[in-house]
Chemist: 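What follows is a single structure, and I will ask about it in a moment.
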6 protein chains.
Amino acid sequence: MKRVICFGEIMLRLNPKGYLRFTQATELEASYSGAEANVAVSLANFGFNAAFVTKVPAHDIGQCAINDLRRFGVDTAEILRGGERLGAYYVEKGASQRASKVIYDRAYSAIAGIKPGEFNWEKIFNEACWFHFTGITPALGDGTAAVTMEAVKKAKELGLTVSCDLNYRKNLWSKEKAGKVMSELMPYVDICIANEEDTADVFSIKAEGTDIDKGQLDKDAYCSVATRFAEKWPFKKIAFTLRGSISASDNEWSGMLYENGKTYFSPVYNVHIVDRVGGGDSFGAALIYAQLSGYDNQKSINFAAAASCLKHSIEHDFNLVSIDEVETLMAGNASGRVQR
Amino acid sequence: MKRVICFGEIMLRLNPKGYLRFTQATELEASYSGAEANVAVSLANFGFNAAFVTKVPAHDIGQCAINDLRRFGVDTAEILRGGERLGAYYVEKGASQRASKVIYDRAYSAIAGIKPGEFNWEKIFNEACWFHFTGITPALGDGTAAVTMEAVKKAKELGLTVSCDLNYRKNLWSKEKAGKVMSELMPYVDICIANEEDTADVFSIKAEGTDIDKGQLDKDAYCSVATRFAEKWPFKKIAFTLRGSISASDNEWSGMLYENGKTYFSPVYNVHIVDRVGGGDSFGAALIYAQLSGYDNQKSINFAAAASCLKHSIEHDFNLVSIDEVETLMAGNASGRVQR
Amino acid sequence: MKRVICFGEIMLRLNPKGYLRFTQATELEASYSGAEANVAVSLANFGFNAAFVTKVPAHDIGQCAINDLRRFGVDTAEILRGGERLGAYYVEKGASQRASKVIYDRAYSAIAGIKPGEFNWEKIFNEACWFHFTGITPALGDGTAAVTMEAVKKAKELGLTVSCDLNYRKNLWSKEKAGKVMSELMPYVDICIANEEDTADVFSIKAEGTDIDKGQLDKDAYCSVATRFAEKWPFKKIAFTLRGSISASDNEWSGMLYENGKTYFSPVYNVHIVDRVGGGDSFGAALIYAQLSGYDNQKSINFAAAASCLKHSIEHDFNLVSIDEVETLMAGNASGRVQR
Amino acid sequence: MKRVICFGEIMLRLNPKGYLRFTQATELEASYSGAEANVAVSLANFGFNAAFVTKVPAHDIGQCAINDLRRFGVDTAEILRGGERLGAYYVEKGASQRASKVIYDRAYSAIAGIKPGEFNWEKIFNEACWFHFTGITPALGDGTAAVTMEAVKKAKELGLTVSCDLNYRKNLWSKEKAGKVMSELMPYVDICIANEEDTADVFSIKAEGTDIDKGQLDKDAYCSVATRFAEKWPFKKIAFTLRGSISASDNEWSGMLYENGKTYFSPVYNVHIVDRVGGGDSFGAALIYAQLSGYDNQKSINFAAAASCLKHSIEHDFNLVSIDEVETLMAGNASGRVQR
Amino acid sequence: MKRVICFGEIMLRLNPKGYLRFTQATELEASYSGAEANVAVSLANFGFNAAFVTKVPAHDIGQCAINDLRRFGVDTAEILRGGERLGAYYVEKGASQRASKVIYDRAYSAIAGIKPGEFNWEKIFNEACWFHFTGITPALGDGTAAVTMEAVKKAKELGLTVSCDLNYRKNLWSKEKAGKVMSELMPYVDICIANEEDTADVFSIKAEGTDIDKGQLDKDAYCSVATRFAEKWPFKKIAFTLRGSISASDNEWSGMLYENGKTYFSPVYNVHIVDRVGGGDSFGAALIYAQLSGYDNQKSINFAAAASCLKHSIEHDFNLVSIDEVETLMAGNASGRVQR
Amino acid sequence: MKRVICFGEIMLRLNPKGYLRFTQATELEASYSGAEANVAVSLANFGFNAAFVTKVPAHDIGQCAINDLRRFGVDTAEILRGGERLGAYYVEKGASQRASKVIYDRAYSAIAGIKPGEFNWEKIFNEACWFHFTGITPALGDGTAAVTMEAVKKAKELGLTVSCDLNYRKNLWSKEKAGKVMSELMPYVDICIANEEDTADVFSIKAEGTDIDKGQLDKDAYCSVATRFAEKWPFKKIAFTLRGSISASDNEWSGMLYENGKTYFSPVYNVHIVDRVGGGDSFGAALIYAQLSGYDNQKSINFAAAASCLKHSIEHDFNLVSIDEVETLMAGNASGRVQR
């Protein structure tokens, strides 16, 4: 069973039920998630040996986060316990013209406070073939940035493939800081995953001719971004998620994979949204699965796009779809006929 | 008040709330349903004297099934008590490209274990004018197949109209077995209801030129199927539901009625789905209502299509719409303006 | 802070969860609303000093109504306590071709039983610059009609701007009665808000060439209605909400403002509906906000249409959107991208 | 199957979940109940043919009330449809030293507005052997008082046994009015059911030496009340419920039956309360069941006390216990061991 | 209307439903509370003009806290907006031998980060007659300690009565730090409220002969503690809550008031617990109400004990009982008879 | 980490919320449990390496059972997938005099259909030191009885300690069959766990002088049962749970351990019940933990009784208490003071 290591934060996600606004809610759904944790769950769900590495407090809420990962098959043996608090975030689901809202309460979390040396990467990477992180982890603080650097260096040394999802979060750090820190990490990255905003925000590489609020997608522009991106860093492959935002209820969704000057586009899906949070993470996870399963580039991007298309129909951040379901959609069956 | 007898199984239906997947649910909505029970509820709701005939265990869960039928006005006086278990099934609601899923747990139910002679059909049919069953009932076991044969013979003897919805379920029996058993029952059937898959699965009569996963509907093909079907069995009328599956969230829906070489098509409705389970049953019930109310063929198929269109907007299996609501839609008002 | 006085009824609103029909519900969501109360909440939410004037029983359910208004910042100091009951209404949410249903149980409410002299309008209007009521208030009974007349006279005397939303409710009074009573109140009204049904029902002024059940909108027809309406009463401005009902799930929504023979149309929004009850009230409130904020006519109607477009994405009657959210939509961003 | 006719009001009961106060609730549990409806449900549940006679509006909420009765086996064929509204009441569950609270909103209900002649008692009483009403029904208005008189006269004429639960409600009528109206009905009553407050409130017959708020029970005092009561009216039997209120969470509960100068006391139960509303009604129903089943007086009062003791462990008003459960408790087994 | 100013933190309270443990919960009830906020709500509920002073973030969750205070009538006009986060705490309700659990996540809250000068106490205390704080506020950080000192000095200068509930929280500061900081604040306090643990923890004054885990109460010991306490600081009055912990489900509860060497004990209540969090705060609030209402010492302590006894029967932290309910219990009626 | 193997069935547990009866429920709480699975969860929760061995269907409901075990740390790697159905059972919570009810629907489950040879016990027992099963497993069918024999033989061969909880279920097999099968398994059992009913039902060894429905406990009688039991089989130790059933809401609870003619009784706890299902299983698990931790007999029975006492305060079957919580109670602190 292929072993993949994901490193980052897991948070308590709190959201009102259905379409209630924060100011209407007297109950909140409690689940657990984080960009890299979501990837780990997807991979475990697809049958891989996925381990998640983080630090959570030694209290019951920290335990709940671990339990939720275990429930979906993630190896939690390398998670450290300690620190003051588990990060949290609040999600309010949008609809029609009303956008979804996310309020983060993640500062001072246990993982944000880690220091180099707390994790034994040599041991953690034992028997692993892949390491995944996102731009959120180094953004949490200088400690996590340093530990991420420890991890990628050790990963490369041990021959693991390294993937990174840029995932720029403007409320965690400035574009300048992000650009600087990420630039130091990029040389260790084999596969870079991003959306059109990330490359602009972090590395000032813009997809000209697109207006994300208008939902226009321009294949050439994406190709141009990838090319410039590939010139800058020695990535093996670059993958983009392409989201056309029609409204908070309806999106277009597809993906692009770039290798050696060639681009591979998936079909475009019109998705009627149940919960779009975690869509990008599910794309990254499916791409890792596809690559580790030896799929060619077209099949890889098709698998990643189909898997993450399905994520939009699932509540909360984890993408709980089976390989069968992804393959059925890849094969062109989007009819949603009842499976009895 | 016209009296209709429906015979079959009633099960406990368990589904996660909203769009949660099975693996996310810690609570399940509990309702009761079954292909023929759904028909009985529709007819009682339309004001007919509808009786449901089955066997349920003598415990509280069996009583719950009876209570739910009584609540919606179905006559439950002829239901036998006994046997080991009430069948159950699990439903997970799909959305967008993700299909709904049904997991059956109906084997060894009380009704599946019945034997010829347990029901007094002569008494049950007293004052009744119509008998309805579906292909699910004889599929439950050799006992139910034999008892269904008892029932249709007695029904014909007593002059009742007999309707059958083919309702092929591949997890209950093979196509071969279904074809054999149903072929023996068909001579007693006056009105046969089906969809394009059923006729292919049970009697190998295919609607050429349709691809149900692509959602294409072809009027000529349906006409051809009905014609070949009518040549094979002495049905008075044949009715088809026509579903175009755009996604798990959106369907096209209409119906066709065939008599003496002529076909009558209803308008096509674009439905935004709340719950599509029971859609076919609501069509059958509305067709029975229309026929017993003396509607002509065009009005009958329009009524059946409109009633079952509305079913898709209602949670769970029972079609709790009023005749007024059906007639408003038949009259062309699909605007959904608030009724104050 | 600008002070606006709204006068009318507040009721207990009871609705089944999600898309359940009344006959399926064993739990009801309880909120509080009323045409003018909804306006007051919108205005308080936008930062105005909005007071709501009514009478509610001196028991806990009456207190709940007050608490809900206070929660959203409405000044409840002028609400009288007494009378027998709090009006209630039941809402069943429609979907697709199935219309939403409202059952009123508002007769004999405390406010319906008030008599002239119970409210001290001189004191209530102190420091206020605007008075708002709707056609529902005088429809509640002869007492409320008389008190409304007291209020508008005093409001004009004190120099307040007076706005009225026609809001015809056929189950409260006949068209004849409505025409008669409203005709006496109209001379005191500066800004009249209506939809195309109201003007026809109350004053027999019809928008020719529209068929609301078909969802067709005809700008010229609306202009013609406004012109005829303006000839009849000395309104400063007339505003219309324009609803195109595609289904219970999808509507077109826009607004028109008329002044001195000129019409100003907002963009048309395609809304995927969460809850459309209160849509008209949110339009009126936003128009008042815009006028009091000195917006020109085009910006006013754009603000009102955008604010009320967003209302359709919010559960229950209150329009809990921020000015920022309205302005983002007015600026053309309807993409529903997640706001982090 | 013995047929019993119960006549009175059925209301929508709304209560916050668990121990939430009204002012905390955003959801309300919706059930249906009424003093005489509760008796009908108990009797149907025990296997009798119990019919409930009332009038409810012709809208969906009225239908819900009927459906809930049907669900539990009550014959609803004689229920009239019409009138303006269904009465409602709000219940807030107490705990420990905090009392439960009931707020009625039942004025102007359909049943309160009935007039003599609306019910065909001759037809209703066909094949029936017992008629039951409570003091609430004549309290609803002059119409219901007159119709109750119609009913008892016809019942006696046709040889039915008549039972009445005094059930004084101070918010429906004054003690004087109650005394006057009930005095006219008492001559037709065979079995009178009451608690110690009712006899004092309606007929000024006090159980001296008891203080209900202190929870003291004095057998002699109850015997004295019954004796005086029996002297005044020609009752065959008189039954009392005896409640010792330790707190809102814990009560003592027992019953007394009086006939011909002799009293029969049931055991006293210490009940830990789930929901005590409907406790008295369940006592009355069980007494009727016992009398119609030919139980002697001691067994009758034991059955009634045990059945109503169990009611306190059941949510909402209906007493959904089986005869087996009552008999197990009567036999002395109050251990609550799990029944597998 | 008497105006009371309460100063402290308001937090988001998250608790699993019913008796679920943290590790079982997928939904959390969300309410808002804090020791001094709870006092403000009680006083507003009793009809006083109660203002709460704090600082909450300028995001929606901060707004929710304000809305919940407004809902229950608290004046929120002096609340500052800003800072990073709203403190939160998690509550798991205990039962029988299993204790309730509280996990705090309050560090780095907006209020914990305030600095001297942020609040204009002169303006805040305008028209106020009482200032209340608890030992939690200065424990939040050096900033809150300094601001509390500002407040009590200004309060004394302006002639307000100052009350303080010691409320020692070991996870916020050490006993040594608490002793030092509180010692500086005590000279400004008129009425000191505590329980037997607080005086020991903060000032090393122990109630000898009591063992709180055994639930023993010893009047003499409490008197001795109060005497020693009164010798140390110039309090006008000292009040103690006395809790006898039989189990997590059942407690004994009473209070003591001390003035000038004399002690006044309330009756002891046996409470069956719904939610005991906030019990002490409700005691403090009721004592303030009693003192401001001019009750004598015995009536004051009886009112405070009865009000806080009732709190134990109410979910969440706010004590939503009416003066009527408190007075009924004070009068000796603890029977919990239904109030209709 | 000590490794314990538990073998048996895991079922879907469905129960109405709170105290609702089956016939009132429209939602059911879904959890997963089984006598031996409950033991595995307890042991994993206490920090042991606990593996659960069973067979569940290869569908989503089977996966849910596995996920729930994983969530609480149980090793599920040895669970087979296949078979037709997952067993289920329905639980209705009793209160006061009304008993809890359990309806089993476990026949024909995947595990009930296993055959010898399906499990590789040699591999399963690798690194394990303890094997636990209950009398339910061999009762499921001849296959499970044979496989249990395989397991105990291999366990003894490999030197594992074997524990068995008699757990007689009358609806699974007759006393005669149970006596015969269990008699063949007993020679391999080191530690036998039972209650007073089991020994009587399975081996006709009665605790004279006890009447479980009366809740009387007689130490001598239990000692006598254990002695006779120990004479019959070569157990190292025998443990009894002792339940005194006061009502469905309140029980007395304690345990006894017997070794070599000596008995060790735990303290008796008065428990106010949240959910008593799984109480016996939590006792067995805690006893295994105590024995494997090297506790002496008195400490072992105290630990087992305290842990299982706490179970009664926890919803559903799993005993989610920490060792700290058990030790606090063992130390005599049953006060339920809030743990902050």
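As the structure is a prediction and not an experimental result, all values here were calculated from the model.
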Chemist: With a 4.5 angstrom heavy-atom cut-off, is it the side chain or the backbone of B:Leu28 that approaches chain F, or both, or neither?
Modeler: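 When you check distances to chain F, atoms from both the backbone and side chain of B:Leu28 fall under 4.5 Å.
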Chemist: In terms of heavy-atom proximity below 4.5 Å to chain F, should B:Tyr90 be classed as side chain, backbone, both, or neither?
Modeler: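 Side chain only.
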Chemist: Would you mind checking which part of B:Asn67 comes under 4.5 Å of any heavy atom in chain F, side chain (CB onward), backbone (N, CA, C, O), both or neither?
Modeler: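 Contact with chain F involves the side chain of B:Asn67 alone.
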Chemist: Where is the tightest heavy-atom contact between B:Leu14 and F:Leu14, given as atom of each residue plus distance?
Modeler: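 Minimum heavy-atom separation between B:Leu14 and F:Leu14: CD1-CD1, 3.8 Å.
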Chemist: Which bit of F:Leu12 is near chain B, if near means a heavy-atom gap under 4.5 Å: side chain, backbone, both or neither?
Modeler: side chain
Chemist: Please report the interatomic distance CD(B:Glu92) to CG(F:Asp60), rounded to the nearest 0.5 Å.
Modeler: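 So the gap between those two atoms works out to 6.0 Å.
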Chemist: To the nearest 0.5 Å, how far apart are OG in B:Ser31 and CD in F:Glu27?
Modeler: 11.0 Å
Chemist: Given a strict heavy-atom distance threshold of 4.5 Å, which part of F:Ile61 is in contact with chain B: side chain, backbone, both, or neither?
Modeler: both
Chemist: Are more than 12 heavy atoms, taken from residues, nucleotides or ligands other than B:Asp142, located less than 6.0 Å from that residue's CG atom?
Modeler: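 Incorrect, the count does not exceed 12.
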Chemist: What residues of residues 75-85 of chain F make heavy-atom contacts with chain B at a cutoff under 4.5 angstrom?
Modeler: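 Only F:Glu84, F:Arg85 of residues 75-85 of chain F have a heavy atom under 4.5 Å from chain B.
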Chemist: If you count heavy-atom pairs under 4.5 Å with chain F, which of B:Gln63, B:Gln24, B:Lys17 comes out on top?
Modeler: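 Heavy-atom pair counts peak at B:Lys17.
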Chemist: What distance do F:Thr26 atom OG1 and B:His316 atom NE2 have between them, rounded to the nearest 0.5 Å?
Modeler: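 F:Thr26 OG1 to B:His316 NE2: 8.0 Å, rounded to 0.5 Å.
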